[in-house]
Amino acid sequence: MNSIMKRRSIRKFEDRPVEREKLESILRAAMQSPTAKDSRCWEFLVVTDREACEAVSKMSEFAMCAAKAPALIVTMVNLSQTNPEECWWVEDLSAATQTILLQIEEEGLGGTWLGMYPRQARTDALRAYFQLPDHILPFSVVALGYKLREKEPENRWNPDKVHWERYQ
């Protein structure tokens, strides 16, 4: 559980690019995530263009760190590969996003999850900027890069949140 316990949300990055090999390793890990009915309905858009990162940073009041991130990974659902009415793709894309965050840690990088879905204005802005087709819906953006500084791991264990056999 090393990368799970060490992972922290990182929003400040060194001004240097992330190697393509590391980005591909992160995406390979994401594609190992579980999906409902093995749909593998995810798609990923890797963004390293400074202007595009700046544009994404303005699509949510919580996405400011995207402006200086060396790379962004936009997780997206391909609605033609799943039943959009069942919405299991939300779990699929959540699992993939979490796996991305864990692999980022394994690669010696840092990153943070920027929530886009279900906010219509945010997903519309991403769709318009990147000219995504109607069957592709953006879910999240992960800003990543080399950490400007390390953050100490945080122990979040709270036995009061654990219930055995029944809720007490």
Side-chain angles (χ1 to χ4, degrees), residues 1-35 40-78 89-119 121-130 132 136-158 161:
M1 292 191 357
N2 197 19
S3 62
I4 293 171
M5 301 307 273
K6 287 183 358 182
R7 192 211 66 76
R8 297 289 307 274
S9 292
I10 302 296
R11 293 173 180 85
K12 294 184 179 179
F13 309 101
E14 292 181 12
D15 185 20
R16 67 171 164 145
V18 176
E19 297 85 350
R20 185 179 181 105
E21 296 78 25
K22 289 189 177 203
L23 292 167
E24 286 182 3
S25 177
I26 292 163
L27 295 169
R28 282 179 183 276
M31 291 182 195
Q32 290 299 119
S33 301
T35 58
R40 303 179 199 186
C41 59
W42 50 55
E43 300 212 13
F44 305 94
L45 175 63
V46 179
V47 180
T48 58
D49 177 74
R50 299 294 350 121
E51 186 177 306
C53 291
E54 180 72 32
V56 170
S57 77
K58 296 174 182 167
M59 295 178 190
S60 163
E61 63 271 28
F62 303 105
M64 295 169 288
C65 67
K68 300 219 185 273
L72 305 175
I73 297 174
V74 182
T75 67
M76 306 172 294
V77 60
N78 184 330
W89 63 265
V90 174
E91 284 86 348
D92 297 348
L93 274 288
S94 295
T97 303
Q98 179 65 21
T99 302
I100 287 169
L101 293 170
L102 294 174
Q103 189 62 32
I104 285 170
E105 182 66 35
E106 287 293 317
E107 297 294 331
L109 303 167
T112 193
W113 180 335
L114 307 174
M116 295 297 180
Y117 180 87
R119 301 290 171 95
R122 296 175 190 178
T123 58
D124 286 349
L126 282 166
R127 270 184 157 160
Y129 186 84
F130 291 109
L132 301 176
I136 301 295
L137 176 63
F139 176 75
S140 68
V141 175
V142 178
L144 67 130
Y146 285 93
K147 302 172 194 175
L148 193 58
R149 65 177 179 85
E150 289 290 330
K151 284 174 104 173
E152 288 299 313
E154 182 179 314
N155 182 355
R156 296 180 178 178
W157 169 251
N158 181 348
K161 300 279 185 178

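The basis for the numbers below is simple: all heavy atoms, side chains too, and nothing from hydrogens, waters or symmetry mates.
- With a 4.5 Å cut-off on side-chain heavy atoms, F139 and W42 do not count as touching.
- Heavy-atom minimum distance, I73 versus I26: CD1-CG2, 3.8 Å.
- Between E19 and P17 there is no side-chain heavy-atom pair separated by less than 4.5 Å.
- To the nearest 0.5 Å, the span separating CE on M76 from CG on L132 amounts to 6.0 Å.
- Considering all non-hydrogen atoms of both residues, Y129 and M59 come closest at CB-CE, 3.6 Å.
- In this structure, V56 and A63 approach most closely via the heavy-atom pair O-CB, 3.8 Å.
- The two residues L27 and V46 make their nearest non-hydrogen contact at CD1-CG2, 3.6 Å.
- Judged as a salt bridge (charged side-chain N to carboxylate O under 4.0 Å, His left out), the pairs with a partner in residues 98-113 (not counting sequence neighbours) are, in order, K6-E105, E105-K147.
- With contacts defined as side-chain heavy-atom distances shorter than 4.5 Å, the pair P138/F130 does not qualify.
- K58 and E54 are joined by a salt bridge, as a carboxylate oxygen and a charged side-chain nitrogen come within less than 4.0 angstrom of each other.
- Evaluation of the side chain to side chain contact (heavy atoms under 4.5 Å, CB included) rule for F62 yields S60, R122 as partners, not counting sequence neighbours.
- In this structure, the side chain of T99 engages the main chain of A95 through a donor-acceptor pair within 3.5 Å.
- Dense packing is recorded around CD of E61, with more than 12 heavy atoms of other residues, nucleotides or ligands lying under 6.0 Å away.
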*Are F13 and L109 close enough, and set up right, to give a side-chain contact (heavy atoms from CB on, under 4.5 Å), and what steps lead you there?*
CA-CA 9 Å; F13 309 101; L109 303 167; over 6 Å; no

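- Taking every heavy atom of both residues into account, A143 and C65 meet most closely at CB-SG, 4.0 Å.
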*Take T35 and C41 through the side-chain contact (heavy atoms from CB on, under 4.5 Å) test and state the conclusion after the steps.*
CA-CA 8 Å; T35 58; C41 59; 5.5 Å; no

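- Closest approach of S140 to T97, counting heavy atoms only: OG-OG1, 3.0 Å.
- Using a 4.5 Å heavy-atom threshold, the side chains of V47 and C53 count as touching.
- For the atom pair T112 OG1 and L101 CG, the distance stands at 7.0 Å (nearest 0.5 Å).
- Using a 4.5 Å cut-off on side-chain heavy atoms (C-beta onward), R127 and L137 make contact.
- With respect to the salt-bridge test (charged N to carboxylate O, under 4.0 angstrom), the residues E24 and R20 qualify.
- Annotation: side chain of R8 is in contact with side chain of E154 (closest heavy-atom distance under 4.5 Å).
- More than 12 heavy atoms of other residues, nucleotides or ligands lie within 6.0 Å of CZ in R16, so this atom counts as buried by the packing criterion.
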*asked:* For V142 and I104: C-alpha separation, side-chain torsions, deciding distance, then whether side-chain contact (heavy atoms from CB on, under 4.5 Å) applies.
replied: CA-CA 10 Å; V142 178; I104 285 170; 3.6 Å; yes

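- By the neighbour-count criterion of 12 heavy atoms within 6.0 Å, atom CG of D15 is sparsely surrounded, having that number or fewer from other residues, nucleotides or ligands.
- Within a 6.0 Å radius of CZ in R50, other residues, nucleotides and ligands contribute more than 12 heavy atoms.
- The number of heavy atoms from other shown groups lying within 6.0 Å of NZ (K151) is above 12.
- Taking CE from M64 and CG from L114, the interatomic distance works out to 10.0 Å, rounded to the nearest 0.5 Å.
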*side-chain contact (heavy atoms from CB on, under 4.5 Å) between L93 and T75, worked out*: CA-CA 7 Å; L93 274 288; T75 67; 3.7 Å; yes

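- Between S94 and W113 the shortest side-chain heavy-atom distance falls below 4.5 Å.
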